[in-house]
Amino acid sequence: MMRLNKYIAHHSSYSRREADKAILDGYVRINGEIQDNPATQVDEKDDIVYVSGKQITPRDKYTVIVYNKPKGELVTKTDPRGRRTIYDGLESKYKHFIPVGRLDYATEGVLLLTDASKIATALMDSNLERIYKVKIKGEVTPEMEAAMMNGLELMDATAGGHSHSKVTSMTFSPFLGYKIQKNEHNYSILKIAISEGKNREIRRFFAHFGTEVADLKRISFAEVELNNLPTGKTRFLSRSEYSALFTFMKAEEKLAREKGKK
């Protein structure tokens with residue numbers, strides 16, 4: 001089941017806001033009945049949805065692109081304060097694509113986007129490896145290394161978070177791996193591999209130790225690497241990357257079926 005506005009936005013060129021307007025204006029029908037509530041639930045297998053008399057057809061095929069997100073772009077459709085978003089940098093044909101998670105305003109690097117909600121959800125909720133290059137102000141301490149290896153639980157994780165964030169506590173799983181490339185008094189550089197994508201997780205982690213993240217760049221997400229993709233540019237997944245994604249989705253579907261039998 002999926003909310004009506006989300007269903008329309010995911011399976012057509014309508015944005016979520018445009019879908020809301022079409023619904024509220026009475027242009028949307030489910031199985032012949034006019035629906036004026038954007039939160040109405042749609043059964044993707046059985047329900048037939050029309051917008052202005054045109055049927056919205058769920059996509060069985062899907063596309064995934066890699067965007068080398070620059071610093072200074074928000075991962076959102078629109079911003080009330082008029083700040084630049086990723087959709088200002090992306091070609092208009094990708095305006096209905098869904099970002100796989102978020103990179104904050106000051107973070108750059110690999111951002112996956114897809115036209116299939118099930119792909120976006122599966123990847124966002126996965127524990128697939130994400131690798132980041134991190135520059136921090138100051139040294140990497142033994143306490144930091146211990147937390148990277150063993151995990152960390154913070155009742156107060158507000159430091160390093162956005163001022164308007166509702167997230168106050170956070171549990172950090174042990175990092176999948178880390179490599180210190182430079183460790184000096186003024187600044188240090190690390191490569192870290194984690195399996196989660198929580199709200200400003202890396203910034204909150206280092207802020208706990210009184211250390212500010214000066215630069216943060218995601219250089220890979222699972223099999224997908226940034227390689228030589230220029231900042232602000234996109235590319236399609238390669239054949240091998242699509243193959244790895246197909247294998248991952250098959251495993252997820254099998255797991256879901258097994259859970260359903262219990």
Side-chain angles (χ1 to χ4, degrees), residues 66-76 79-86 88-89 99-112 124 127-222 224-227 229-232:
V66 189
Y67 179 49
N68 186 354
K69 175 192 171 300
K71 294 180 182 178
E73 286 186 356
L74 292 170
V75 183
T76 186
D79 178 54
R81 292 165 56 184
R83 290 173 294 178
R84 185 176 173 85
T85 77
I86 58 170
D88 293 317
V100 177
R102 294 175 182 271
L103 294 178
D104 66 50
Y105 190 71
T107 300
E108 59 185 321
V110 171
L111 180 66
L112 303 180
M124 275 188 276
N127 60 358
L128 293 170
E129 181 182 73
R130 290 94 154 147
I131 298 180
Y132 293 81
K133 187 172 184 179
V134 191
K135 179 179 179 180
I136 61 172
K137 294 182 178 180
E139 298 179 56
V140 179
T141 65
E143 291 78 15
M144 289 178 192
E145 290 197 67
M148 285 189 276
M149 289 187 289
N150 303 316
L152 183 65
E153 187 168 349
L154 298 180
M155 295 305 295
D156 182 1
T158 54
H162 191 278
S163 58
H164 299 301
S165 174
K166 296 179 181 178
V167 176
T168 54
S169 61
M170 190 171 282
T171 299
F172 302 84
S173 298
F175 288 12
L176 298 178
Y178 71 92
K179 181 179 181 180
I180 301 172
Q181 297 181 317
K182 187 171 186 176
N183 195 9
E184 296 186 354
H185 178 71
N186 289 333
Y187 71 92
S188 303
I189 297 173
L190 310 87
K191 268 189 181 179
I192 63 173
I194 59 177
S195 60
E196 300 170 303
K198 295 177 181 176
N199 185 296
R200 296 174 69 96
E201 176 181 7
I202 297 170
R203 296 184 190 278
R204 292 175 194 266
F205 178 90
F206 286 104
H208 171 67
F209 300 97
T211 301
E212 182 183 346
V213 172
D215 284 301
L216 184 57
K217 183 174 188 175
R218 184 157 68 191
I219 56 179
S220 70
F221 188 118
V224 181
E225 297 184 1
L226 194 58
N227 295 329
L229 183 65
T231 300

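Only a predicted model underlies this, so the values are computations on that prediction, with no experimental measurement involved.
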Applying side-chain contact (heavy atoms from CB on, under 4.5 Å), name anything that partners [X], two or more places apart in sequence or on another chain.
X      : result
Asp88  : Arg84, Thr85
Ala159 : Ala207
Arg203 : Asp104, Ala106, Thr107, Arg200, Val213, Leu216
Pro174 : none

Could I get the full list of side chain to side chain donor-acceptor pair (under 3.5 Å) partners for [X], not counting sequence neighbours?
X      : result
Lys135 : none
Asp215 : Lys71
Asn68  : none
Ser195 : none

Under 4.5 Å between any side-chain heavy atoms of [X] and [Y], yes or no?
X      : Y      : answer
Asn186 : Glu184 : no
Leu111 : Arg218 : yes
Lys133 : Gln181 : yes
Arg204 : Ser165 : yes

Separation of [Y] [atom2] from [X] [atom1] (nearest 0.5 Å):
X      : Y      : atom1 : atom2 : result
Leu229 : Tyr67  : CG    : OH    : 10.0 Å
Met170 : His208 : CE    : NE2   : 13.0 Å
Ile219 : Glu225 : CD1   : CD    : 8.0 Å
Phe206 : Thr141 : CZ    : OG1   : 9.0 Å
Ile136 : Ile189 : CD1   : CD1   : 10.0 Å
Thr231 : Lys69  : OG1   : NZ    : 10.5 Å

Query raised in the report: Who pairs with Phe175 by ring pair (Phe, Tyr, Trp, His ring centres under 6.0 Å), at least two apart in sequence or on another chain?
Result: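 By the ring pair (Phe, Tyr, Trp, His ring centres under 6.0 Å) rule, Phe175 matches Phe205.
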
So which atom in [X] and which in [Y] form the shortest heavy-atom distance, rounded to 0.1 Å?
X      : Y      : answer
Leu103 : Gly109 : CD1-O, 3.9 Å
Ile131 : Glu129 : CD1-OE1, 3.4 Å
Ser188 : Gly138 : OG-O, 2.7 Å

**Report entry** Qualifying salt bridge (Lys or Arg N to Asp or Glu O under 4.0 Å) pairs with a residue from residues 137-151, counting only residues at least two apart or across chains
**Finding:**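 Residue pairs with at least one partner in residues 137-151: Lys137-Glu212.
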
Query raised in the report: Which residue pairs pass the salt bridge (Lys or Arg N to Asp or Glu O under 4.0 Å) test with at least one member in residues 187-196, sequence neighbours excluded?
Result: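 Checked against salt bridge (Lys or Arg N to Asp or Glu O under 4.0 Å) - neighbours excluded - the pairs reaching residues 187-196 are Glu196-Lys198.
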
